[in-house]
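So the structure is just underneath, and the comments pick up after that.
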Amino acid sequence: MGLASVESMPGGVVSPTLLQLLAAEVDPESPLPPFSGLQRLPDPSASPGLPADMRERIAYGRLANPLPYALQNGYSRELWPRDIPALRLANARLEALVLPGLGGRLWSLRDLVADRDLVFTNRRRQFANFGLTDAWFAGGIEWNLGSTGHSATTSRPVFAGSVASSRGAVLRIWEWERTRDLVFSVDLLMPADRALLLAFVRVRNPDPEPKPLYWWTNIAAPEEPGVRVLAPAARAWRTGYDGSIARVDIPFADDSATDVSHPLLAQRAADYFFQVPSDRRPWIAAVQADGRGLVQTSTARLRGRKLFCWGTAAGGRHWQEWLCGPGSRYLEIQAGLATTQLEHLRLEAGAEISWAEAYAPIEAAPGVVHGSWSDALDKVAELVARAVPEVELDAWHRWWRAEVADRAPQQLMAGSGAGEAELVVRGEDPDGLSGTPFGQPLLDGFRHLVALARTGEVDQDAVGAEVLVPPTTDRWDAVLDRAADGWWGRLMIAIRSHARGDLEEARLGYLRSDQLTSTPWAARGLALLAGTRGDHISAAALYDRAVAQAPTCLPLLVEATDQLLAAGRPAACLAMINAAPERIAVHGRLVLQRARALLADGQVDAARALLEAGIEVPDLREGETLGELWRTAFEDRPLPYHYDFRMRPDLDR
């Protein structure tokens, strides 16, 4: 169907609904500013075959930490029935559910005619430490702006609204991304009477300096027996969780007999970044054994395509169960601006970038799409052209730019106050950025920053109860200086100095804040600095004081016990854990600290008893494994399945 033929037809409709789901909850954000990152990225120096331009893009724009975001690490493994606010977008052929309270995740996409899920729809919301700010959950279609990894907005509220257009209702999500100070929006549209979902993505740089640019759309697909992933490429870059980046042939990597386009044949977890030739239309598809599946394509700007698979080894299977429950498996097909997720592009001052993505069900004879690589690619390319011709998708993008992109939405759900605060500090109208108004946010801590920017006044205790991780860009210098006569203002200035690496200025700021009002947060900052200097005695004393002032702050206890273990003081570590309130001491992360301390203190039998009883760590990190701890306790005794989270079966951590 050509574009002109749908001009007079109404498209999909947007309506609010509730998603009923077993779900974990995330507590309020951690009060501890994260001065280091949570993930380890591959080192390009270990891969001599990388082209020079790729090396430059990998070196450019890396984030040392997720500031000014706080960590979201206050969740457990407990699941309860929840009603989660959602927005429904549907036409006669497809139905999608979008979760504005969780990064705008497109949670489900269902083919109503075939009565089939097109993306992997998780039956639970189980958090794990996979995101740039920790909490992340599997399933659906995820929008990632910022830097390598799952974005800081992925488990946070974003704005959502509807936009009227001549071709149906558009569901818009938008937010201010704080690590880069970029504004993004995603407009979702279902043309009338077509099994087609369109996503129009826009990223804007509101400032007079260039910014690193990273975008990847992550699509979870069911990993059923026989599933195959196809993309128009003969080679790919592979990262395999051992720090290396290697170029391999597709589909038979490393001259092996294993066809990596069938993810269930892979033993270990891996990323395959397909090298789509510049003269080929970019697309990627996950096709099940019966020849039916989902294809994603886009306008030419979004050229990167990737397959992520967990592998079939014990660690990969365990992660899938950890995230989704028994019997559930998924893979991810992804699309991004660069060739790999290690690279950042450049968005010039005041510039913007946009593209269109299309999602459609496909069906072909199983023998063709599961046959030779070239025949399968030809067939899927034909199906993509039939679902949405390339010239038509380009025309949709032009229409959206002209008619929809700048149109004001009717707000249905509120996002964070970050956009309002950032525009106010720039002297601009919070509703002045066309198409993405920020003037009616959630009632969160940013309202204090808005008031400070507008009036120069702030209630130090009130803001200190809600804002303990400050904005970090230079634009906020003059604003925060107005609050420098109080403990909170001094603490914020100290944290900003700490983040910039001006450690002596940070130390003086923490001391001054602590003199004005003694808080665990200033003591923690001073403890970090003492540990950096190698003054472990002072660090321990400062952490003791901080923990005494905030005994129920789990992240603080974990950090304090880490410092004691690093200083070779396991007995003091055990004493601190023993003094913790019971509901904190039984948390899996602190029980793990106890096991480490017992081993370091020579109490091997006690450590073994803890490990044999079972330790469940809710915020276990991607790539983290308990194998080294187990070997220390039991030497050559095999690692039990419930402790096996190895991304590669030959790696222990």
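Using a 4.0 Å cut-off between charged nitrogen and carboxylate oxygen, Asp259 and Arg228 count as a salt-bridge pair. A salt bridge is defined here as a Lys NZ or Arg NE, NH1 or NH2 lying under 4.0 Å from an Asp or Glu carboxylate O, and Lys306 with Asp271 meets this definition. A salt bridge links Asp115 with Arg110: the distance from a Lys NZ or Arg NE/NH1/NH2 to an Asp or Glu carboxylate oxygen falls below 4.0 Å. For Arg57 and Asp53, the salt-bridge test passes: some basic side-chain N is under 4.0 Å from an acidic carboxylate O. Salt bridge absent: Arg180 and Asp207 never bring a charged side-chain N and a carboxylate O closer than 4.0 Å. The pair Lys379-Glu382 meets the salt-bridge criterion, since a charged nitrogen lies less than 4.0 angstrom from a carboxylate oxygen. Taking a cutoff of 4.0 Å between a charged side-chain nitrogen and a carboxylate oxygen, Glu224 and Arg329 do not qualify as a salt bridge. Salt-bridge check for Arg194 with Glu392: passed, with a basic side-chain N closer than 4.0 Å to an acidic carboxylate O. The pair Asp279-Arg303 fails the salt-bridge criterion, with no side-chain N (NZ, NE, NH1 or NH2) lying under 4.0 Å from an Asp/Glu carboxylate O.
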(request) For Glu403 and Asp406, run side chain to side chain contact (heavy atoms under 4.5 Å, CB included): C-alpha distance rounded to whole Å, both residues' side-chain angles, the deciding distance at 0.1 Å, then the answer. (result) CA-CA 7 Å; Glu403 181 178 320; Asp406 289 330; over 6 Å; no

(request) Decide yes or no on side-chain hydrogen bond (donor to acceptor under 3.5 Å, both in side chains) for Ser185 and Arg204, but give the supporting numbers first. (result) CA-CA 9 Å; Ser185 61; Arg204 286 184 277 184; 5.3 Å; no

(request) Would you please test Phe273 and Trp237 for ring pair (Phe, Tyr, Trp, His ring centres under 6.0 Å) and show each step? (result) CA-CA 5 Å; Phe273 296 96; Trp237 293 101; 9.5 Å; no

(message) With side chain to side chain contact (heavy atoms under 4.5 Å, CB included) as the criterion, how do Val287 and Leu230 come out once you've worked through the C-alpha distance, each side chain's angles and the decisive distance to 0.1 Å?
(response) CA-CA 8 Å; Val287 184; Leu230 299 157; 4.1 Å; yes

(request) Could you go through the side-chain hydrogen bond (donor to acceptor under 3.5 Å, both in side chains) check for Arg156 and Thr133 one step at a time? (result) CA-CA 10 Å; Arg156 288 181 163 90; Thr133 57; 2.9 Å; yes

(request) Let me see the working for His397 and Arg301 under side chain to side chain contact (heavy atoms under 4.5 Å, CB included), right down to the final yes or no. (result) CA-CA 12 Å; His397 186 218; Arg301 194 179 291 275; over 6 Å; no

(request) Give the C-alpha distance, both sets of side-chain angles, the deciding distance and a yes or no for side-chain hydrogen bond (donor to acceptor under 3.5 Å, both in side chains) between Thr217 and Trp215. (result) CA-CA 7 Å; Thr217 303; Trp215 179 279; 2.8 Å; yes

(request) Test Phe645 against Trp319 for ring pair (Phe, Tyr, Trp, His ring centres under 6.0 Å), laying out the working first. (result) CA-CA 6 Å; Phe645 291 91; Trp319 269 123; 4.7 Å; yes

(request) Test side chain to side chain contact (heavy atoms under 4.5 Å, CB included) on Arg238 and Ile250 and set out the steps. (result) CA-CA 10 Å; Arg238 181 182 65 199; Ile250 295 294; over 6 Å; no

(message) Applying side-chain hydrogen bond (donor to acceptor under 3.5 Å, both in side chains) to Trp400 and Asp187, what does each step give before you reach the verdict?
(response) CA-CA 9 Å; Trp400 169 81; Asp187 282 7; 2.8 Å; yes

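Here the side chains of Leu189 and Leu197 are not in contact, with every heavy-atom distance at 4.5 Å or above. Side-chain contact between Val201 and Ser354: absent, with no pair of heavy atoms (C-beta onward) separated by less than 4.5 Å. In this structure, Val380 and Trp283 have side chains that are in contact, with non-hydrogen atoms separated by less than 4.5 Å. Taking 4.5 Å as the limit, some side-chain heavy atom of Ile353 sits within range of a side-chain heavy atom of Leu347. Counting only heavy atoms from C-beta outward, the side chains of Leu67 and Pro34 approach each other to under 4.5 Å. Contact of the Tyr359 side chain with the Leu109 side chain is registered, since non-hydrogen atoms from C-beta on lie closer than 4.5 Å. Leu182 places a side-chain heavy atom less than 4.5 Å from the side chain of Lys211. Two residues are said to be in side-chain contact when any heavy atoms from C-beta on lie closer than 4.5 Å; Leu213 and Leu337 meet this criterion.
Of the possible donor and acceptor atoms, one in the side chain of Thr312 sits under 3.5 Å from a partner among the backbone N and O of Ala266. The backbone N or O of Pro191 lies less than 3.5 Å from a partner atom in the side chain of Asn91, making a donor-acceptor pair. Looking at Trp174, its side chain never comes within 3.5 Å of a backbone N or O of Val186 through a donor-acceptor pair. Using a distance-only test at 3.5 Å, with no hydrogens or angles considered, a donor-acceptor pair links the side chain of Ser165 to the main chain of Arg167. A donor-acceptor pair is defined here as one N or O able to donate and one able to accept, closer than 3.5 Å; such a pair exists between the side chain of Thr299 and the backbone of Ala356. Side-chain atoms of Arg124 never come within 3.5 Å of backbone atoms of Ala24 as a donor-acceptor pair (strictly under, hydrogens ignored). At distances below 3.5 Å, at least one donor-acceptor pair connects side-chain atoms of Ser155 with backbone N or O atoms of Ala135.
Between the side chains of Glu142 and Thr154, at least one donor N or O sits under 3.5 Å from an acceptor N or O. Defined by atom type and a distance below 3.5 Å, a donor-acceptor pair is present between the side-chain atoms of Asp181 and Trp176.
To the nearest 0.5 Å, the span separating CG on Asp111 from CG on Leu118 amounts to 5.0 Å. The CG atom of Leu331 lies 7.5 Å from the CD1 atom of Ile333; values are rounded to the nearest 0.5 Å. Interatomic distance, OG of Ser147 versus CD of Gln341, reported as 10.5 Å (0.5 Å rounding). Remark: Gln334 CD to Ile284 CD1 distance equals 8.0 Å, nearest 0.5 Å. Of the inter-residue distances, the one linking Ser151 atom OG with Leu145 atom CG reads 7.5 Å to the nearest 0.5 angstrom. With values rounded to the nearest 0.5 angstrom, Glu175 atom CD is found 6.5 Å from Phe184 atom CZ.
Heavy-atom neighbours of Arg401 CZ from other residues, nucleotides or ligands within 6.0 Å: above the threshold of 12.
Remark: Arg125 is not positioned above the aromatic ring of Phe137, lacking an NZ or CZ atom under 6.0 angstrom from the ring centre and at most 45 degrees off the axis.
Between His344 and Tyr214, the ring-plane angle classifies as tilted under the 30° and 60° cut-offs. Below 30°, between 30° and 60°, or above 60°: for Trp310 and Tyr330 the angle between ring planes is above 60°, a perpendicular geometry.
Of all heavy-atom pairs between Leu393 and Ser298, the closest is CD2-C, 3.5 Å.
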